[in-house]
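Reckoned from all heavy atoms, side chains included, excluding hydrogens, waters and symmetry mates.
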Amino acid sequence: MHKVFLHVDMDAFFAAVEQRDRPELLGKPVVVGAPPDQRGVVSAASYEAREYGIHSAMPSREAGERCPHAVFLPVDGKRYKAASRAIFHIFERFTPLIEPLSIDEAFLDVTGSRALFGSGPEIAAKIRARIKNELTLTASVGVAHNKFLAKLASDLEKPDGLTVVPSDPEEIRAFLAPLGISRIWGVGKVTQRNLEEIGITTIGQIQNASARQLNSVFGHTSAHIIALANGEDSREIQTSRQEKSISREHTFKHDCTKIARLEKTLCGLVEDVGSQLRSLERYASIGQLKLRWQGFKTITRRTQITPACCDDFTLRDIALALFRKEKITKPVRLIGFAVSGLVDERPSEQLNLFASGPERGDKRENVSNAVDRIRDKFGNDAIGGGRGIIEEEDES
Amino acid sequence: MKLKVTKSAILEGLQLVQNVVSARSTLPILGNVCLTVEKDSLALTGTDLEVSVRCALDAKSTKAGGTTLPARRLLSIMREMPEENIEIEIDEKDVATVKCGASFFKIMGLSEEEFPPIPKFAGKYNYTMEQATLKNMLKRTAYAASSDETRYVLNGVYLSFKGKKLTMVATDGRRLALAENEMDFPKEAEVDIIVPTKAVNQLMHALSDEGQVKIHAQENQVAFEFDGVLVVSKVIDGTYPNYKQVIPSQCEERVTIEREWLLTALKRVSLLTTDRSSSVKLAFGKNRLELTTNTPDVGEARETLTIKFSGKEVAVAFNPEYVMDPLRNLECDEVYIELIDSLSPGVIKCDSPFLYVLMPMRVS
């Protein structure tokens, strides 16, 4: 029996939430992200704005040049999160097998839901209707018997579209054949160029290409690509995704050279990373610092954490040690901190003889957990390290 | 200068000295060994500016003088000499001519004047003890010293000449080894110094089991003199941590275990530890000690020893290397293990004045 997967993708999500909440913006080009006179990028653009060639990740300055009369709005994460929760609540009425891909996108396995709610396309239509009626937002949905096809399909009729991929293998091949090769997962710009060089521009041509031809471009992944080109993908829904790393970064409005300010920012990022790490009840064994200089040159520096830890104090020491090894000769545009090598078990820890040694890990962990609980209850600013009390500098 | 020396004598001397001579030094002279000839002896000196080793050996000379020659090259040449009798002659430009049987070598040296002098010692801090005792005390403690350069005060062995005894301590902050020996010296000669690990290793290598060693200490230097060998070292400048406060004053449980037995059992169970996860659990129950290691994705090992124990059950995890270190360096048949609980320091003792304090590992 074939499985039935839906891929639900909200249309211009951030911009759509803004337009819904502020009807005067309906029909106007709306850009969510940094203002056009400041550095930063577009997070989302309404379809009206997209007509001017504006897309997400484009520098806001460029977006402002392309469409000077666009309405620029700051990112209002809280409202988007609330809308996202409401959307996922709708999904949950139809199936428990939900794999969130981002704030506005998810895979749903509705194979077992059909007895209750009708066929795949019927469920897709119901979900779209619920989202429209209850939330006044639109979603594009792809229906297929695997994840790859569902995701590909949801993108075909955007916005506000419903695309059903046939289930017969031959029909699937025919469905895919005219599509561009960049629709295949794993085909990026470089691979696309390489394929075009040997005359391949459509998925259909991959279906008919010889294995040798494809090996020359893809190497050992060619079998996987051929499977996708024929619409084959056997991955299941992953309801709980195991985080491989946790990272936070901050872009300065104005490139920063002040060590104290950089360190303070870094410590803030470390606390965010630490609190997420603890909320997942995991321990990190690798710490990584990221610095982007003025002019976009980026460096990363990493170090092993032994024993693996999850408390803010150890993470902060590690982040600062990495940071202090770097000479800040140029202004810093972005600073970031990440942890990886995450493990579930509390690592065993060698205790110290002398009180002057580092504090015992369990004590540090307890304090960090207590801080988390205080912040949960009274807000982020309720408690903080002494480092935070550095005189605020003029940011202009 | 001109001298005759035997191959075995100069080889022995060079091997002793070359340990402190650095192969890659920014100062070329530090890659050389200094040769000083007086009447019937040849003195070889090597230094890395922190530790210097000088050793005197028998030689026949017709002309006194001194020079320096590349240490490693000289050693490898001497090692390959075809006969026992070697003749060395050095001209005023520090070029050495080495003759042995049918072999002939010419080696470019550097002037003796460029060689850093060994400091002179004078003063009240002079001690004499048996070489075997010093060697044994170093052996029982030195392994516990820290190699973490950021904790430089711990990068050596602490020697305290106080209260009619020499107390020797080494620690890396996780475990601590202490050895003591009674000694006779005047009250005004009481002093404590930290001898860097490098000098300690030299001493353990060079000290023999017979004869005496003279120790001279001053402001920032210490010298050890024995069997024609002189080891001079800078002392580590800093305050040694108050080690007395970490030695538990009492214990809950005390067990006697055969040293060799415990060591081999630990060796076996620690085969299943990894760098990332290295702990062995010691569980003391009625008349038995169970050693276990459990490494995720690797496996587990268990060893049960029959012991005399009737106290309350206690389990504690240690880094197995840290338990094996003292066991390897003691000679006694039995050791005593004293424990309080799973998060308090454990103590290993033996019948001689020795003590080892070890912090456990906190495991989940």
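- With A:L353 as the partner, the side chain to side chain contact (heavy atoms under 4.5 Å, CB included) test is satisfied by one option alone out of B:V246, B:D172, B:I247, B:L358: B:V246.
- To the nearest 0.5 Å, atoms CZ (B:R174) and CG (A:L351) are separated by 10.5 Å.
- Counting non-hydrogen atoms of other residues, nucleotides and ligands closer than 6.0 Å to CG of B:D341 gives a total above 12.
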With side-chain contact (heavy atoms from CB on, under 4.5 Å) as the criterion, how do A:F354 and B:T171 come out once you've worked through the C-alpha distance, each side chain's angles and the decisive distance to 0.1 Å? CA-CA 10 Å; A:F354 297 97; B:T171 179; 3.7 Å; yes
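- For B:Y322, the part sitting under 4.5 Å from any heavy atom of chain A is the side chain, from C-beta outward, and nothing else.
- Shortest non-hydrogen contact noted between B:M359 and A:Q350 is O-NE2, 2.8 Å.
- For B:N242, the part sitting under 4.5 Å from any heavy atom of chain A is the backbone (N, CA, C, O) and nothing else.
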For residues 330-342 of chain A, which side-chain N or O atoms pair as donor and acceptor with protein atoms under 3.5 Å away, sequence neighbours left out?
none

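- The neighbour count for B:K234 NZ, taken as heavy atoms of other residues, nucleotides or ligands under 6.0 Å away, does not exceed 12.
- Shown here are the side chain to side chain contact (heavy atoms under 4.5 Å, CB included) partners of B:S270, two or more places apart in sequence or in another chain: B:T273, B:P320, B:M324.
- Heavy-atom contacts from other residues, nucleotides or ligands closer than 6.0 Å to CZ of B:R302 number 12 or fewer.
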